[in-house]
Amino acid sequence: MTDERLPASFFRREALDLARALLGRWLRHGEVELAITEVEAYRGPTDSGCHTFRGRTPRTAPMFGPPGHLYVYTCYGLHRMLNIVAGPHDGAAAAVLVRACAPVAGLPIVGARRGRIAGPGLLDGPGKVGQALGIDGTFNHHALYEPGGVELLRGEPVHAVAVGPRIGIDYASPEHRDAPWRLAIADSPWVSHRRGLRREVEQPR
DNA sequence: AACACGATGGACT
DNA sequence: GTCCATCGTGTTA
């Protein structure tokens with residue numbers, strides 16, 4: 001069934017691995033269900049694009065916690081970005097950012113929250129995903145599947161993936177800024193940016 | 001205590 | 001392409 005939960009072991013893996021595994025999964029909060037179409041891996045203390053690059057702070061604490069918990073980053077004071085903490089160990093301090101989704105259920109609620117925008121503009125950006133799901137700062141640090149919280153469901157299989165550089169991290173060193181750690185469902189219209197995205201050879205997940 | 005700025009989005013030229 | 005809303009956080013003093 002597409003709406004099965006995923007076991008804790010699913011999250012206990014390296015961020016780039018988890019990013020790939022998250023494509024096609026469904027996020028559910030209340031009556032809203034969204035299929036994940038685009039993600040970015042933030043790979044921990046060795047990744048100069050990752051918030052944990054300069055160590056643990058109160059803000060980045062969730063990434064030092066258990067895999068599968070949420071890291072909700074507030075950008076520019078208003079946009080809430082949903083991250084899922086990766087593993088394999090508590091000290092790994094890595095996460096996957098959900099950058100874009102496609103609607104599955106609850107479209108009237110999404111439309112009300114997003115201003116009834118038609119087409120991919122509805123959900124093609126991390127701040128838009130947070131807004132559509134009704135995420136706020138109180139979700140930070142919470143586990144998936146908490147009552148009233150966010151769920152991750154099995155969703156549908158992904159057949160082809162496109163990869164490219166991550167967006168909005170010009171502050172990172174060139175090797176990390178240009179690394180192909182942004183993943184999207186190939187040919188999906190529900191993608192935030194096309195620049196640098198290229199379809200890769202099909203591989204099992 | 002002050003300050004610079006961001007894993008963005010929307011409006012506008 | 002440009003401009004800028006809006007505020008928590010980290011850094012510096």
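Here is how names work: the chains are called A, B, and so on, in the same order as the sequence lines, proteins then strands, and each is numbered from 1.
Atom CG in D170(A) sits about 10 Å away from atom P in dT8(B), given to the nearest Å. Atoms CG (L78(A)) and P (dG10(B)) sit 10 Å apart, rounded to a whole Å. Across the protein-nucleic acid pair, E40(A) atom CD and dT8(B) atom P stand 8 Å apart, rounded to whole Å. Here the P atom of nucleotide dT11(C) and the CZ atom of R54(A) are 8 Å apart, to the nearest Å. Rounded to whole angstrom, the span from the NE2 atom of H193(A) across to the C1' atom of dA7(B) amounts to 10 Å. Counting to the nearest Å, the P atom of dT8(B) and the CZ atom of R80(A) are 15 Å from each other. Rounded to whole angstrom, the span from the CG atom of N140(A) across to the P atom of dC7(C) amounts to 18 Å. The CG-P distance, from N83(A) to dT8(B), rounds to 11 Å in whole Å.
With both pairing distances under 3.5 Å, dG9(B) is matched to dC4(C) as a Watson-Crick or G-U wobble pair.
Note on F53(A): nothing from the nucleic acid sits closer than 4.0 angstrom, heavy atoms only. Residue-level contact check: I169(A) touches the backbone only, with heavy atoms under 4.0 Å from sugar-phosphate atoms and none from bases. Within the 4.0 angstrom heavy-atom criterion, only backbone atoms of the sugar-phosphate kind lie near Y73(A); the bases stay farther away.
Side chains of Q131(A) and R80(A): no donor on one and acceptor on the other come within 3.5 Å. Using modelled atom types, one finds no donor on one side chain facing an acceptor on the other under 3.5 Å when comparing E156(A) with T2(A). Judged purely by distance below 3.5 Å, without hydrogens or angles, the side chains of H79(A) and Y73(A) never pair a donor atom with an acceptor atom. For the residue pair H176(A) and S48(A), a side-chain donor N or O sits within less than 3.5 Å of a side-chain acceptor on the partner.
One hydrophobic cluster holds both L23(A) and V98(A) under the rule that ILVMFWY side chains link at heavy-atom gaps under 4.5 Å. Put simply, I109(A) and W26(A) are part of two different groups of oily side chains (I, L, V, M, F, W, Y) that touch within less than 4.5 Å, one to the next.
OP1 or OP2 of dA7(B) has at least one side-chain nitrogen or oxygen of Y171(A) nearer than 4.0 Å.
For H79(A) against dA7(B), no side-chain N or O and base N or O form a donor-acceptor pair under 3.5 Å.
For DNA chain B, the neighbouring residues in residues 98-121 of chain A, judged by any heavy atom under 4.0 Å, are R99(A), R114(A).
Projected onto DNA chain C by closest heavy-atom contact, Y76(A) and R59(A) fall at different nucleotides, the more 5' of which corresponds to Y76(A).
Closest to the side chain of K128(A), from the set dA7(B), dT8(B), dG10(B), is dG10(B).
In this pair, H142(A) and F139(A) present their aromatic rings tilted. The plane angle is within the 30 to 60° band.
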